[in-house]
Amino acid sequence: MKLKNAFLASLMASALLAGCQGSSLDDISPKAEKPLPQKIVAKMKAKGMTTTSPIMIRIFKEEGQLEVWKRKDNGRYDVIATYDICKWSGKLGPKYIEGDRQAPEGFYTVRPAQMNPRSSYYLSFNIGFPNAYDRVNGRTGQHLMVHGACSSSGCYSMTDEQVAEIYAFARDAFRGGQTAFQIQAFPFRMTAANMARYRNDPNYPFWKMLKEGYDLFEITKVPPKVDVCEKRYVFNNTAIGPEGIAPDAACPTVGQPDALRMSYMSYQKTFETAFSTAQKKSSKQAPAPSIAGEAEAKLVAAWSAARARGEKVSREPPSLTPASAEKPNAPDIDPVMTAKTAPAAAQPAPQQATAAAPQQIPVEMPPVPAAAPVPQPNPVAQAPAGDVTAGNPAGETPMAPPAPEAVQAADAAAAGKPWWKVFGR
């Protein structure tokens with residue numbers, strides 16, 4: 001038995017070492033080299049795009065959609081493909097802390113070193129969380145991806161077929177000379193009707209800040225220049241040079257071009273009129289559940305940590321609001337699928353000024369905040385009575401799945417973790 005255990009430990013250590021060596025666009029991976037369908041290539045040509053022209057991605061949680069935009073010959077961007085997101089976890093609202101299961105919202109940057117052609121989740125790329133805004137506001141987490149396998153605990157998960165196309169768009173753009181592409185992740189389409197519908201939500205000030213970047217893209221159809229100062233996002237500030245500015249420093253005087261400033265003012269005037277009208281009407285669509293700030297994030301993080309330790313917890317994460325926004329019937333991380341695929345290559349720190357060689361990522365277990373409230377079951381999102389999972393009664397977790405957003409390293413295996421926990425996305 002000791003010999004068998006030693007052999008398994010050696011095998012696992014070798015696999016982990018291989019997984020920590022990183023990856024790049026040049027790694028041999030047939031699925032990462034799959035060309036775009038000819039119908040998409042023809043559509044690009046008709047729109048005045050080339051296969052290697054730059055891209056941008058927009059994500060909308062409530063609508064469950066991911067859009068790929070591509071630059072045309074005239075310099076403006078146009079949408080080339082829209083995909084239904086297979087699963088995203090958590091609720092509307094930003095990600096606060098490691099383990100809260102929230103899919104991020106905000107403006108992120110993806111560089112070639114963040115692409116993973118050997119992902120355990122078919123194909124993936126790291127979206128770059130935490131960015132400068134997240135870090136200066138004390139938000140934590142890692143390994144937040146767009147990936148395949150339709151499985152999520154903080155990521156945006158697609159089907160394998162979808163992620164193959166999205167990956168190909170990025171791959172071709174990088175090979176055409178694009179050094180980084182922007183991801184804009186929003187809670188919903190920021191129309192006047194939707195903003196009016198969520199005007200009383202505790203996340204509204206954050207969403208209103210994101211909306212400025214949303215509006216500037218709607219006006220110009222060019223991804224806005226994004227910086228962080230005074231712990232907030234600022235857009236198209238020409239007074240900030242390419243070297244950036246300290247995220248907690250005072251913002252310099254805004255130097256937007258006059259034409260853009262006038263266009264933005266006109267756009268806002270039209271929006272305010274529509275917003276006022278929408279406030280007076282009763283929306284037929286009720287607001288979707290949103291996270292109740294850091295207090296709820298700590299509650300869910302404590303639940304995640306208990307689940308990772310193998311403790312009996314509710315099947316759904318606890319909540320301070322009536323229900324979860326997680327899509328039903330989509331699987332959590334599948335340990336069998338993970339075990340049968342190669343371990344994900346480590347992702348580099350997402351906010352490097354230039355693309356750097358992938359590096360090993362240190363182990364980070366989901367924290368258990370000392371001041372976190374005691375997790376309570378979500379009264380609305382409970383499993384139906386009599387439901388059975390792996391032979392255990394509903395409401396119990398028979399086996400702890402991989403800790404959300406964490407890729408365990410070799411010392412996790414040495415500490416007695418289940419063998420399937422040590423593989424990443």
Side-chain angles (χ1 to χ4, degrees), residues 54-61 65-70 77 83 85 88-90 92-98 100-116 119 123-147 152 154-158 163 166-167 169-171 173-174 178-188 190 203 206-207 209-214 216-217 222-229 231-236 240 242 244-245 247 347-356 358 361 405 425:
I55 68 163
M56 187 202 80
I57 287 176
R58 289 205 305 183
I59 292 172
F60 300 100
K61 281 184 175 178
Q65 291 185 328
L66 182 151
E67 297 175 342
V68 177
W69 290 68
K70 205 159 176 62
Y77 283 62
Y83 303 93
I85 298 172
W88 58 270
S89 68
L92 301 188
K95 181 174 183 62
Y96 287 93
I97 57 176
E98 176 87 12
D100 65 7
R101 296 176 64 87
Q102 284 290 109
E105 295 174 5
F107 291 78
Y108 296 92
T109 301
V110 178
R111 298 182 174 87
Q114 290 163 238
M115 305 292 288
N116 188 359
S119 174
L123 292 168
S124 68
F125 54 86
N126 190 317
I127 72 170
F129 181 95
N131 62 16
Y133 174 86
D134 300 316
R135 292 196 302 271
V136 77
N137 284 282
R139 296 179 178 177
T140 59
Q142 59 178 338
H143 310 305
L144 280 302
M145 311 280 180
V146 171
H147 62 70
S152 176
C155 299
Y156 291 103
S157 182
M158 317 300 293
V163 80
I166 298 166
Y167 192 98
F169 277 118
R171 175 201 68 210
F174 285 136
Q178 187 174 19
T179 58
F181 68 85
Q182 189 177 100
I183 293 183
Q184 303 175 2
F186 300 107
F188 41 76
M190 298 192 139
N203 296 291
F206 173 74
W207 292 338
M209 176 179 59
L210 298 186
K211 186 179 181 299
E212 182 179 351
Y214 176 94
L216 287 168
F217 179 73
V222 175
K225 176 180 180 292
V226 181
D227 292 287
V228 178
C229 52
K231 297 186 177 183
R232 62 184 175 87
Y233 285 112
V234 291
F235 304 95
N236 291 344
I240 301 176
I245 190 173
Q347 301 296 334
Q351 294 299 319
Q352 297 169 332
T354 57
I361 297 174
E405 308 143 21
R425 288 184 175 83

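- Across all their heavy atoms, Thr140 and Lys95 have their closest contact at O-CE, 3.6 Å.
- Scanning all heavy atoms of the two residues, the minimum distance from Phe181 to Ile55 falls at CB-O, 3.4 Å.
- Scored by the side chain to side chain donor-acceptor pair (under 3.5 Å) test, Arg139 finds no partners at all (sequence neighbours excluded).
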Might you work through the side-chain contact (heavy atoms from CB on, under 4.5 Å) test for Thr109 and Ile127, ending with a clear yes or no?
CA-CA 6 Å; Thr109 301; Ile127 72 170; over 6 Å; no
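- The CE atom of Met190 sits 5.0 Å away from the CZ atom of Phe188 when rounded to the nearest 0.5 Å.
- Between Pro94 and Asn203, some side-chain heavy-atom pair lies under the 4.5 Å cut-off.
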Could you walk me through whether His147 and Met158 pass the side-chain contact (heavy atoms from CB on, under 4.5 Å) test, one step at a time?
CA-CA 6 Å; His147 62 70; Met158 317 300 293; over 6 Å; no
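- Heavy atoms only, all atoms of each residue included: Pro104 and Ala185 are closest at O-CB, 3.6 Å.
- Considering every non-hydrogen atom in both Gly213 and Phe235, the closest pair reads N-CE1, 3.5 Å.
- Under the ring pair (Phe, Tyr, Trp, His ring centres under 6.0 Å) criterion, Phe186 pairs with Phe60, Phe107, Tyr214, not counting sequence neighbours.
- Residues Asn137 and Tyr96 have side chains not in contact (no heavy-atom distance under 4.5 Å, counting atoms from C-beta outward).
- Note: Ser157 OG to Leu66 CG = 11.5 Å, rounded to the nearest 0.5 Å.
- Once rounded to the nearest 0.5 Å, the distance linking CZ of Arg111 with OG1 of Thr179 reads 7.5 Å.
- For the pair Ser124 (side chain) and Met145 (backbone), a donor-acceptor distance under 3.5 Å is absent.
- Of the possible polar contacts, one joining the Gln102 side chain to the Gly93 backbone as a donor-acceptor pair under 3.5 Å is found.
- Annotation: side chain to side chain donor-acceptor pair (under 3.5 Å) contacts of Glu212 (sequence neighbours excluded): none.
- A heavy-atom distance below 4.5 Å is found between the side chains of Met115 and Val110.
- In this structure, a donor-acceptor pair under 3.5 Å is present between the side chains of Gln182 and Gln184.
- At least one side-chain heavy atom of Tyr77 sits less than 4.5 Å from a side-chain heavy atom of Pro223.
- Checked by atom type, the side-chain pair Asp134/Tyr108 shows a donor-acceptor distance below 3.5 Å.
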If you apply the rule side-chain contact (heavy atoms from CB on, under 4.5 Å), what do you find for Ile59 with Trp88, and how did you get there?
CA-CA 11 Å; Ile59 292 172; Trp88 58 270; over 6 Å; no
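- In this structure, the side-chain contact (heavy atoms from CB on, under 4.5 Å) partners of Asp227, at least two apart in sequence or on a different chain, are Lys225, Val234, Ile240.
- Residues passing the ring pair (Phe, Tyr, Trp, His ring centres under 6.0 Å) test with Trp69, sequence neighbours excluded: Phe217.
- If you take CD on Glu98 and CG on Leu144, they are separated by 8.0 Å, rounding to the nearest 0.5 Å.
- With Tyr167 as the fixed residue, the side chain to side chain contact (heavy atoms under 4.5 Å, CB included) test singles out one of Leu123, Asn116, Val146: Leu123.
- Residues meeting the ring pair (Phe, Tyr, Trp, His ring centres under 6.0 Å) test with Tyr133, sequence neighbours left out: Phe206, Tyr233.
- The structure places CE of Met56 at 12.5 Å from NZ of Lys70, a figure rounded to the nearest 0.5 Å.
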Between Tyr83 and Tyr156, does a ring-ring contact (aromatic ring centres under 6.0 Å, His included) hold up when you go through it step by step?
CA-CA 12 Å; Tyr83 303 93; Tyr156 291 103; over 10 Å; no
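- Side-chain contact check for Ile183 versus Phe129: every heavy-atom pair is 4.5 Å or farther apart.
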